[in-house]
Amino acid sequence: MPADRRHVAGAGPPLIVACALRIEQAALRSAGRGAPERFAVLRTGMGPRAAERAVTRALERPALAGAAVLATGFCAGLVPGMHPGDLVVAEETRDPRGTVACTGAALLAEALARAAPGRTVHTGVLTGADHVVRGQERAHLRATGAVAVDMESAATLWTAAGGAHERGARPVAAVRVIVDAPEHELVRIGTVRGGISAFRVLRAVLPAFYEWHRSLLLPRR
């Protein structure tokens with residue numbers, strides 16, 4: 001899917017915010033003020049293969065070379081007590097191909113708490129799946145230490161981080177909004193019931209993504 005490009009000319013590292021669904025893209029488009037000079041919202045389509053293809057193509061574009069990549073959108077929470085509209089910040093993403101450590105997760109969580117006051121921000125492992133996860137499969141994933149699951153974040157970050165090669169060469173992060181939780185299970189992940197709340201949260205937190213991106217310019221301690 002083509003990237004929604006904004007201000008792609010100019011100095012500074014670009015920022016790609018990747019999502020899968022049109023409704024996620026719409027939320028991100030509606031809150032675009034304060035974006036970096038080189039910024040793109042990339043709608044990848046659903047599933048890990050679609051995410052991998054779309055991110056690979058985007059990073060091949062000269063205007064987006066060296067971009068930081070942040071995967072976002074909706075997810076299913078795995079921990080009892082989670083609610084639709086809660087936020088998940090990945091400390092790492094995980095799928096069968098391996099694990100990718102995220103950049104600046106603590107700072108990102110703090111920025112999200114300021115951007116969405118009153119919303120709970122969870123941190124931990126965000127695991128990947130190639131299908132909608134329900135029932136006992138949730139419990140199994142929770143037993144691995146994961147706090148949430150979605151179909152694109154792990155593939156997006158694995159691709160952006162260079163797979164098994166060149167780890168750490170590119171800042172990557174993942175932020176997801178819960179639409180589906182153990183006590184609030186949807187009939188299907190595309191149902192936007194808890195999604196109305198999640199849409200509003202996603203629209204509100206884009207400035208926190210920009211704050212994370214600006215922090216990448218600061219000297220590392």
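Residues: numbered from 1 along the sequence shown. All values reported here derive from a predicted model rather than from experimental measurement. FYI, side chains are in, hydrogens and waters are out, and symmetry mates aren't considered; it's all heavy atoms of this structure.
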Engineer: Can you find a heavy atom in the side chain of Pro171 that is under 4.5 Å from one in the side chain of His213?
Structural biologist: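 A side-chain contact under 4.5 Å is absent here.
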Engineer: Any donor and acceptor pair, going by atom type alone, linking the side chain of Arg142 with main-chain N or O of Leu78 inside 3.5 Å?
Structural biologist: no
Engineer: Say you draw a straight line from CZ of Arg61 to CG of Leu59; how long is it, rounded to the nearest 0.5 Å?
Structural biologist: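 Arg61 CZ to Leu59 CG: 9.5 Å, rounded to 0.5 Å.
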Engineer: Specify the closest pair of heavy atoms between Val149 and Ala129, including all atoms of both residues, with the distance to one decimal.
Structural biologist: CG2-CB, 3.8 Å
Engineer: Is there a side-chain contact between Ile178 and Cys75, using heavy atoms and a 4.5 Å cut-off?
Structural biologist: yes
Engineer: Nearest 0.5 Å please: distance from the CD atom of Glu211 over to the CZ atom of Arg214.
Structural biologist: 6.0 Å
Engineer: Please step through side chain to side chain contact (heavy atoms under 4.5 Å, CB included) for the pair His83 and Thr120, ending with a clear verdict.
Structural biologist: CA-CA 9 Å; His83 295 88; Thr120 301; over 6 Å; no
Engineer: Which atom names give the shortest non-hydrogen contact between Ala116 and Val205, and what distance separates them?
Structural biologist: CB-CG1, 3.9 Å
Engineer: Please list all pairs meeting salt bridge (charged side-chain N to carboxylate O under 4.0 Å, His left out) that have one or both residues in residues 74-84, counting only residues at least two apart or in different chains.
Structural biologist: none
Engineer: For a quick test of reading the model, state the closest non-hydrogen atom pair linking Trp158 to Gly98 and the distance between them.
Structural biologist: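 Smallest interatomic distance, heavy atoms only, reads CZ3-CA, 3.7 Å.
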Engineer: How about Val177 and Phe199: do any of their side-chain heavy atoms sit closer than 4.5 Å?
Structural biologist: no
Engineer: Taking all atoms of both residues into account, what is the closest heavy-atom pair of Ala18 and Thr156, and its distance?
Structural biologist: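 Answer, listing the atom of Ala18 first, then Thr156: CB-CG2, 4.1 Å.
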Engineer: So, for Leu42 and Ala58, which heavy atoms are closest and what is the spacing to 0.1 Å?
Structural biologist: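 Looking at all heavy atoms of both residues, the closest pair is CD2-CB, 3.9 Å.
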Engineer: Apply side chain to side chain contact (heavy atoms under 4.5 Å, CB included) to residues Val79 and His122 and explain how you reach the verdict.
Structural biologist: CA-CA 10 Å; Val79 180; His122 307 269; 5.9 Å; no
Engineer: For the hydrophobic clusters of this structure (ILVMFWY residues joined by side-chain heavy atoms under 4.5 Å, transitively), does one cluster hold both Leu21 and Met151?
Structural biologist: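 Yes, same cluster.
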Engineer: Can a donor-acceptor pair be found, under 3.5 Å and without considering hydrogens, that links the side chain of Arg138 to the backbone of Gly77?
Structural biologist: yes
Engineer: Rounded to the nearest 0.5 Å, how far apart are OG1 of Thr159 and CD of Glu152?
Structural biologist: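 Here the rounded value is 11.5 Å.
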Engineer: Using a 4.5 Å cut-off on heavy atoms from C-beta on, say whether the side chain of Leu64 contacts that of Ile16.
Structural biologist: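 In contact.
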Engineer: Is there a side-chain contact between Cys19 and Leu28 (heavy atoms, below 4.5 Å)?
Structural biologist: yes
Engineer: Locate the shortest heavy-atom distance separating Ala109 from Thr123; write the atom from each residue and the value.
Structural biologist: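 Taking every non-hydrogen atom into account, CB-CG2, 4.0 Å.
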Engineer: Any side-chain heavy atom of Val175 sitting closer than 4.5 Å to one from Trp212?
Structural biologist: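 Side-chain contact under 4.5 Å: no.
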Engineer: Could you state the interatomic distance from CD (Glu52) to OG1 (Thr44), rounded to the nearest 0.5 Å?
Structural biologist: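 Between Glu52 CD and Thr44 OG1, I get 11.5 Å after rounding to 0.5 Å.
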Engineer: Between Thr72 (side chain) and Arg176 (backbone), is there a donor-acceptor pair under 3.5 Å?
Structural biologist: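 No, because the side chain of Thr72 does not come within donor-acceptor range (under 3.5 Å) of the backbone of Arg176.
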Engineer: Can you tell me how far apart CG (Leu202) and CZ (Phe209) are? Round to the nearest 0.5 Å.
Structural biologist: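 Output value for this atom pair is 6.0 Å.
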Engineer: Check whether any side-chain N or O of Glu91 sits under 3.5 Å from a backbone N or O of Val125 as a donor-acceptor pair, and report yes or no.
Structural biologist: no
Engineer: For Arg114, does the CZ atom sit with more than 12 other heavy atoms under 6.0 Å from it, leaving out its own atoms?
Structural biologist: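 For Arg114, atom CZ is crowded (more than 12 foreign heavy atoms under 6.0 Å).
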Engineer: Quick one: pull up OG1 in Thr103 and CG in Leu157 and give me the separation to the nearest 0.5 Å.
Structural biologist: 8.0 Å
Engineer: Taking side chain as C-beta onward, heavy atoms only, is Val100 less than 4.5 Å from Arg94?
Structural biologist: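 Contact flag for Val100/Arg94 side chains = no.
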Engineer: Starting from Leu108, can I reach Leu126 by hopping between I/L/V/M/F/W/Y residues whose side chains sit under 4.5 Å apart?
Structural biologist: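 Each belongs to a different hydrophobic cluster.
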Engineer: Is a side-chain N or O of Glu24 found less than 3.5 angstrom from the main chain of Phe74, in a donor-acceptor match?
Structural biologist: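 Yes, Glu24 side chain to Phe74 backbone: donor-acceptor pair under 3.5 Å.
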